[in-house]
Amino acid sequence: MSANVESERGFRDILGAEAESLERLVAAARNHFERYGYRPIILPVVEPTDLFARGVGATTDIVEKEMFFVSDGHTHADQLGDLCLRPEGTASAVRAYIDQGFDKSDPLQKFYYSGPMFRNERPQKGRYRQFHQIGAELFGAALPAADAEVIAMLRTYLESVVSAGRFTLRLNSLGCAVCRPEYVRRLKTFLAANRDALCEDCRRRIETNPLRVLDCKNESCRAILREAPHLTDSWCEACKSHFDSLLQRLKTRKVDAEWDQWLVRGLDYYTRTVFEVTAEGLGAQNAVAAGGRYDGLVELLGGVPTPALGFAIGVERLALVTGANSVAPRPKIFLASTSETTRTTAEQWADTLRRELPAVGTSVEVWTDLGGQGLKRQLQQAGKLGCAFTLILGDREVSEGKVILRDMKKSTQEDIELSIESLMRRLRERLGL
RNA sequence: GUGGGCGUAGCUCAAUUUGGUUAGAGCACCAGACUGUGGCUCUGGGGGUUGCGGGUUCAAAUCCCGUCGCCCACCCCA
C-alpha cells in the first residue's frame with residue numbers, strides 16, 4: 001500500500017456516473033451557448049503569474065495564497081513563480097483577446113470555454129484543488145442589453161439542466177471607475193469608525209477588501225451595516241441607469257433574477273453588474289456560477305479600452321445540484337462466438353452494426369468477446385453489462401446456416417438466417433428503430 | 001492557514017470499550033456443480049505489513065507520539 005503512487009490532495013480521478021454527468025453538462029453548455037453566437041476558445045492551462053496578479057488582483061486570496069506555481073525546468077530560482085496553473089478563466093480570455101488583436105480590429109467577440117482550474121485551497125464539499133469551469137465571455141458590448149443577454153443565457157442554461165426552482169440568481173451593481181472609489185473611501189471611513197463592533201474577519205477586510213464586509217453573514221456586522229453608507233446611493237447617473245435598464249430588460253425577458261443590494265464579488269476586476277447563482281444542498285460552498293462586467297480589464301492588461309462581461313460555472317457543483325440523473329442508456333448488444341472463425345465474423349458484424357444501427361440520440365453499443373472466454377462466460381458478461389440481446393455465433397449454428405438471437409430480459413431465443421442483413425433487419429424490429 | 005470527525009480485503013462494515021491463538025462477515029472477483037447458454041442455488045478459492053513510521057509491552061488493529069490521506073466546517077470561492 002505505502003508503495004502505491006496516489007493522487008495529490010485535492011486532485012482526483014473522476015469516472016463513472018460523475019464523469020458522465022460532467023461531460024453531459026459541458027456538452028449541453030456548448031450546445032446552448034452556440035445558439036447565442038458564442039464560439040469555443042481553448043486557453044492555456046499555464047499562464048504567467050503576472051496575468052492574474054494584475055487581472056484578478058494582487059491582494060486577493062486567489063493570487064496571494066492559492067496559486068500553483070510551475071517550473072519550466074530551467075528557470076532560475078529568482079524566476080520561480082513566474083508561471084502558474086490558471087486559477088480562473090477570465091483573465092486568460094482577456095489576454096487572448098488582446099493577443100489576437102480583437103480590441104483593435106473586431107471588438108465584438110463571444111467566447112466560451114471549459115476546462116480545469118487550479119486553486120491551492122483546503123478541499124471540502126464542492127471544493128477541489130483541480131476543478132472544472134464552463135465560462136463565457138462577451139467583449140465589446142457596453143449596453144445593458146449585453147448584461148441581460150448574458151444573464152439570460154446563463155439562467156436558461158441552468159434551467160435546461162436542473163429542475164427549476166432549485167437555485168437562485170442574485171445580482172447587483174458595484175458602480176464604476178467614476179463612482180466606486182469614492183464609495184469605497186466613505187465605506188472604509190465608516191468601517192474604521194465602527195471597527196470594534198465588527199467581527200475579526202471584517203476588521204481585517206477593512207484594509208484588504210472593504211466591499212466584502214457588505215457580504216458578511218455575521219449578525220452583529222449586519223446590524224452595523226444598516227447604518228453604513230449605501231452602495232446604491234453612490235452610483236453615478238450612468239451606473240444607475242445601466243442597472244435600471246438591466247433590471248427592466250430581465251423583467252421583460254422573464255428572467256428570474258433578484259436584486260441583492262449586499263451582493264459583492266471577491267475579484268478586483270468587476271465593474272457595475274455582478275451576479276451569482278446559488279443552490280441548496282451544496283454545503284457551505286453554495287455558489288454554482290458567478291460573473292459580472294469588467295469594463296476596465298482589457299485596458300488594464302494592455303489592450304485598448306473595451307467593455308466586457310462574462311461568467312463561470314463550477315461544473316462539479318452544478319453536477320451536485322443536478323444529481324446523477326442518468327442519461328437514457330443506449331441499447332447494448334453482445335456478439336458471442338465460439339471459435340476463431342466465428343469471432344472474426346463477430347468482429348466484422350459488430351463494426352457494421354456500430355456504423356449502421358443508429359438509435360435516438362446516440363448509437364447502439366456493441367460488444368464482442370475479447371478474452372477468449374467460453375460461451376457461458378460471454379453470456380454472463382452480456383448479462384452483467386445489461387445487454388438487451390446476445391447474438392450467439394456458434395459453429396454448430398453456422399454450419400446449419402443460422403445464428404441465435406437471445407433476448408436477455410425474456411430469456412427467449414430465435415433462429416436467424418446467417419447474414420448480417422437479416423440480423424440487422426431483425427434487430428431494427430426488436431429495438432423499435 | 002485554523003478547527004472537528006474518520007482511516008481494518010476492491011466495496012460496506014465486525015473485532016478497539018477490557019491489549020491475548022492464524023484479524024472475520026456480506027457484497028464483488030475466480031473456479032467447479034453445469035465440458036455450447038447469463039441472472040437463482042450450492043461448494044471451494046484468491047485477496048490484509050489493520051494508511052504509514054516510531055514507541056510501550058512477553059504480546060498491539062486495540063495504548064502513546066508523530067506523520068500522511070479522506071470528510072466536514074472556518075476562511076475563500078466555481
Side-chain angles (χ1 to χ4, degrees), chain A residues 1-4 6-12 22 25 56-57 59-66 86-90 114-135 154 158 167 199-202 204-205 208-209 212 215-218 264-267 275-279 282-291 310-321 334 336-339 342 371 373-398 404-413:
Chain A
M1 283 293 238
S2 63
N4 285 1
E6 293 169 11
S7 65
E8 265 301 305
R9 144 182 290 193
F11 293 77
R12 66 208 182 106
L22 300 188
L25 290 171
V56 176
T59 62
T60 56
D61 278 11
I62 291 180
V63 170
E64 260 185 350
K65 46 192 191 195
E66 296 175 3
R86 61 181 183 190
E88 61 112 43
T90 296
S114 68
M117 304 295 164
F118 304 85
R119 291 181 199 173
N120 196 346
E121 300 178 272
R122 191 82 164 252
Q124 70 184 76
K125 187 180 176 82
R127 188 167 83 182
Y128 308 99
R129 290 182 169 185
Q130 175 179 336
F131 61 101
H132 297 82
Q133 286 189 337
I134 302 166
L154 173 60
L158 293 172
F167 53 85
C199 72
E200 196 183 327
D201 289 326
C202 283
R204 183 169 42 76
R205 288 178 183 131
T208 59
N209 198 342
R212 292 282 309 167
D215 211 20
C216 186
K217 298 134 211 150
N218 188 305
V264 293
R265 298 258 83 220
L267 282 49
F275 50 92
E276 178 178 89
V277 178
T278 54
L282 290 182
Q285 311 300 319
N286 65 351
V288 172
F311 62 78
I313 301 167
V315 192
E316 285 88 348
R317 290 185 188 177
L318 182 56
L320 282 175
V321 181
F334 197 101
S337 50
T338 58
S339 65
T342 50
Q373 315 270 24
L375 189 57
K376 182 191 174 76
R377 292 281 298 134
Q378 294 181 53
L379 263 297
Q380 224 170 60
Q381 195 189 348
K384 198 169 73 177
L385 288 166
C387 292
F389 295 98
T390 300
L391 184 78
I392 300 174
L393 263 163
D395 292 85
R396 196 175 294 165
E397 288 75 21
V398 168
I404 296 172
L405 185 64
R406 180 178 177 84
D407 184 319
M408 299 298 282
K409 288 255 162 49
K410 296 181 189 154
S411 293
T412 55
Q413 307 192 152

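Values below: every heavy atom of this structure, side chains too, minus hydrogens, waters and symmetry copies. Here is how names work: the chains are called A, B, and so on, in the same order as the sequence lines, proteins then strands, and each is numbered from 1.
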* **Partners meeting side chain to side chain contact (heavy atoms under 4.5 Å, CB included) with A/L320 (sequence neighbours left out)** => A/L282
* **Those residues that, when tested against A/Q285, pass side chain to side chain contact (heavy atoms under 4.5 Å, CB included) (two or more places apart)** => A/Q124, A/R127, A/R317
* Asked: When you compare B/G7 with B/C52, how far apart are their C1' atoms, in angstrom units rounded to a whole number?
  -> 11 Å
* Asked: Relative to A/Y128, does A/R12 satisfy both conditions: NZ or CZ under 6.0 angstrom from the six-membered ring centre, and within 45 degrees of the ring's axis?
  -> yes
* Asked: Do you know the tightest heavy-atom contact between A/Q378 and A/A336?
  -> OE1-CA, 3.0 Å
* Structure fact -> Applying side chain to side chain contact (heavy atoms under 4.5 Å, CB included) to A/V398 and not counting sequence neighbours gives A/T342, A/L393, A/L418
* To do: Kindly state each residue pair satisfying salt bridge (Lys or Arg N to Asp or Glu O under 4.0 Å) with at least one member in residues 374-397 of chain A, sequence neighbours excluded.
  => none
* Smallest separation among heavy atoms of A/C199 and A/C216, with atom names -> SG-SG, 4.0 Å
* Could you give the distance separating B/C77 and B/A14 at their C1' atoms, to the nearest angstrom? => 41 Å
* Asked: Is there a donor and acceptor pair closer than 3.5 Å between the side chain of A/E397 and the base of B/G36?
  -> yes
* To do: Give one of base, sugar-phosphate or nothing for A/M408, where a contact means two heavy atoms less than 4.0 Å apart.
  => base
* Structure fact -> Sequence neighbours excluded, the answer for side chain to side chain contact (heavy atoms under 4.5 Å, CB included) partners of A/A382 is A/F334, A/C387, A/T390, A/M408
* Under the salt bridge (Lys or Arg N to Asp or Glu O under 4.0 Å) test, residues paired with A/R122 that sit two or more places apart -> none
* Asked: If you look at every strand shown and take non-hydrogen atoms under 4.0 Å, does A/I134 touch a base, only sugar-phosphate, or nothing?
  -> nothing
* A/G291 near the nucleic acid: base, sugar-phosphate alone, or nothing, with a heavy-atom cut-off under 4.0 Å? -> nothing
Short heteroatom pairs, N/O only, protein and nucleotides 40-47 of chain B, under 3.5 Å:
none

* Let me know the distance between CD1 of A/I392 and C1' of B/G38, rounded to the nearest Å. => 10 Å
* Pairing of RNA chain B as dot-bracket, 5' to 3': ( ) intra-strand, [ ] crossing, | other strand, . unpaired, with Watson-Crick or G-U pairs under 3.5 Å? -> (((((((..((((......[...)))).(((((.......))))).....(((((..]....))))))))))))....
* Asked: Got a donor-acceptor pair under 3.5 Å from the side chain of A/R396 to the base of B/G36?
  -> yes
* **Within-4.5 Å side-chain heavy-atom neighbours: A/F118 and A/F131** => no
* Between B/G55 and B/A59, how far is it from one P atom to the other, in whole Å? -> 12 Å
* Asked: Which whole number of Å gives the distance between the P atom of B/U50 and that of B/U21?
  -> 16 Å
* Structure fact -> A/L375 atom CG is separated from B/G38 atom P, nearest whole Å, by 8 Å
* Asked: For nucleotides 71-78 of chain B, read 5' to 3', which letter fits each nucleotide if B means a protein heavy atom sits under 4.0 Å from the base, S means only the sugar-phosphate is that close, and - means neither?
  -> -SBBBBBB
* **Nearest-Å distance once atom P is located in both B/C29 and B/C75** => 46 Å
* Structure fact -> Output for pair (A/I404 CD1, A/L391 CG), nearest 0.5 Å, gives 9.0 Å
* Asked: Expressed as a whole number of Å, how far does the P atom of B/C11 sit from that of B/C70?
  -> 15 Å
* **Separation of B/U2 P from A/N120 CG (nearest whole Å)** => 13 Å
* Pick the C1' atom in B/G32 and in B/C71, then give their distance to the nearest Å. => 43 Å
* Structure fact -> Nucleotide by nucleotide, nucleotides 26-34 of chain B touches protein heavy atoms under 4.0 Å in the pattern (B base, S sugar-phosphate only, - none) ---SSS--B
* Structure fact -> A/G394 and A/T338 have their tightest heavy-atom pair at CA-OG1, 3.5 Å
* Asked: Is A/E66 close to A/T60 at the side-chain level, that is, under 4.5 Å between some pair of heavy atoms?
  -> no
* Spacing of the C1' atoms in B/A60 and B/U18 (rounded, Å) -> 14 Å
* Structure fact -> A/R265 meets the salt bridge (Lys or Arg N to Asp or Glu O under 4.0 Å) criterion, sequence neighbours left out, with A/E276
* To do: Return yes if the base of B/U37 and the side-chain atoms of A/Q413 contain a donor-acceptor N/O pair under 3.5 Å, otherwise no.
  => yes
* Are OP1 or OP2 of B/C68 and a side-chain N or O of A/R9 less than 4.0 angstrom apart? -> no
* To do: Using salt bridge (Lys or Arg N to Asp or Glu O under 4.0 Å) as the criterion, list what pairs up with A/D407, not counting sequence neighbours.
  => A/R430
